[in-house]
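Below is one structure, written out as structure tokens; comments come after it.
All chains are named by letter (A, B, ...) in the order of the sequence lines, taking the proteins before the strands, and each is independently numbered beginning at 1. Given the structure is predicted, the values throughout are model-derived calculations rather than measurements. These values consider heavy atoms only, across backbone and side chains, with no hydrogens, waters or symmetry-generated copies.
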Amino acid sequence: MNIFRLFGDLAHLASIFILLQKIQVSRSCRGLSFKTQVLYVVVFVSRYLDLFLGTWVSFYNTVMKLFFIGSSCYILYLMRVQFRSTYDPTLDTFRVEYLVGPSLVLGLLFNYSFTFTEILWSFSIFLESVAIFPQLFILQRTGEAETITTHYIAALGIYRALYIPNWIYRYWTEGSADPIAIVAGLVQTGLYADFFYVYFTKVLQGKRFELPA
Amino acid sequence: DEKEGKHDEL
């Protein structure tokens, strides 16, 4: 564990709490992509299968994994049941097949061994890197977002961005690198580039998140 | 593969 990894994980945790806060306080899931949230559940469940297969990494690791699976399912419940009426499916029209299909193919092609759990792990890495697409698509379509929603997306982007120095650090200190996670992580962080630009230049200076026309 | 089962990141 190094400081980049720790703060990356904390940013990831923060993103979930910000999302819950947004839904609970505004009593609405307006502006959020249900599809992105479903993809995160798929990501967590397929990646954290090792929880149920007896692989033990650490107490920290297990607690975090359980939290991410539990909280992401709870968010689906909030969006689908409790605040269903505030969700606008006509905005959330990104075709997730275009994300799941290629991720599955990449998972089958690039993995550390051709076993069920390793393929699913690899699939989850590729899928996570693009899971934010439906959410960014909504931002693009509406051209603006509530500030708290932008904080949520920023926390998610910061989480993956911090994993990059973590990998560099681990490469130097442990001599090990995880090429699948690194490539997908770089892609994922890159996807946030446009968003970050508007977020840092506008939202953090108290302005609304509005995309330039 | 020694990588297998060593995914300690989240």
Can you give each donor-acceptor pair under 3.5 Å made by side-chain atoms of residues 94-105 of chain A, sequence neighbours left out, with the distance rounded to 0.1 Å?
residue   : atom : partner  : partner atom : Å
Arg95(A)  : NE   : Glu97(A) : OE2          : 2.9
Arg95(A)  : NH2  : Glu97(A) : OE2          : 3.0
Ser103(A) : OG   : Leu99(A) : O            : 2.6

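- Annotation for Gln24(A) and Leu78(A): closest pair NE2-CD1, 4.0 Å, computed over non-hydrogen atoms.
- In summary, the aromatic rings of Tyr159(A) and Tyr163(A) are positioned with their centroids under 6.0 Å apart.
- Heavy atoms from other residues, nucleotides or ligands lying under 6.0 Å from CZ of Phe7(A) number 12 at most.
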Begin with the C-alpha distance, continue with both residues' side-chain angles, and end with the deciding distance and a verdict on side-chain contact (heavy atoms from CB on, under 4.5 Å) for Val198(A) and Leu139(A).
-> CA-CA 12 Å; Val198(A) 182; Leu139(A) 286 195; over 6 Å; no
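- For residues 28-46 of chain A, a heavy-atom distance under 4.5 Å to chain B picks out no residue at all.
- Side-chain contact check for His7(B) and Tyr112(A): no donor-acceptor pair (N or O, by modelled atom type) lies under 3.5 Å.
- More than 12 heavy atoms of other residues, nucleotides or ligands shown are found within 6.0 angstrom of CG on Leu10(A).
- Contacts between residues 164-175 of chain A and chain B, defined by a heavy-atom separation under 4.5 Å, are made by Asn166(A), Trp167(A), Arg170(A).
- Heavy atoms of other residues, nucleotides or ligands lying less than 6.0 angstrom from CZ of Arg27(A) number 12 at most.
- No close placement of the Tyr152(A) and Phe195(A) rings is indicated, their centers lying 6.0 Å or farther apart.
- Open room surrounds CG on Asp194(A); 12 or fewer heavy atoms of other groups in view lie less than 6.0 Å from it.
- In this structure, the portions of Asn61(A) lying under 4.5 Å from any heavy atom of chain B include both its backbone and its side chain.
- Side chains of Asp92(A) and Tyr87(A) form a contact here, defined as non-hydrogen atoms less than 4.5 Å apart.
- Of all residues in residues 125-135 of chain A, none places a non-hydrogen atom less than 4.5 angstrom from a non-hydrogen atom of chain B.
- Formation of a donor-acceptor pair under 3.5 Å by the Asp9(A) side chain with backbone atoms of Leu6(A) is not found in this model.
- Within 6.0 Å of atom CZ in Phe196(A), more than 12 heavy atoms from other residues, nucleotides or ligands are found, so the atom counts as buried in its surroundings.
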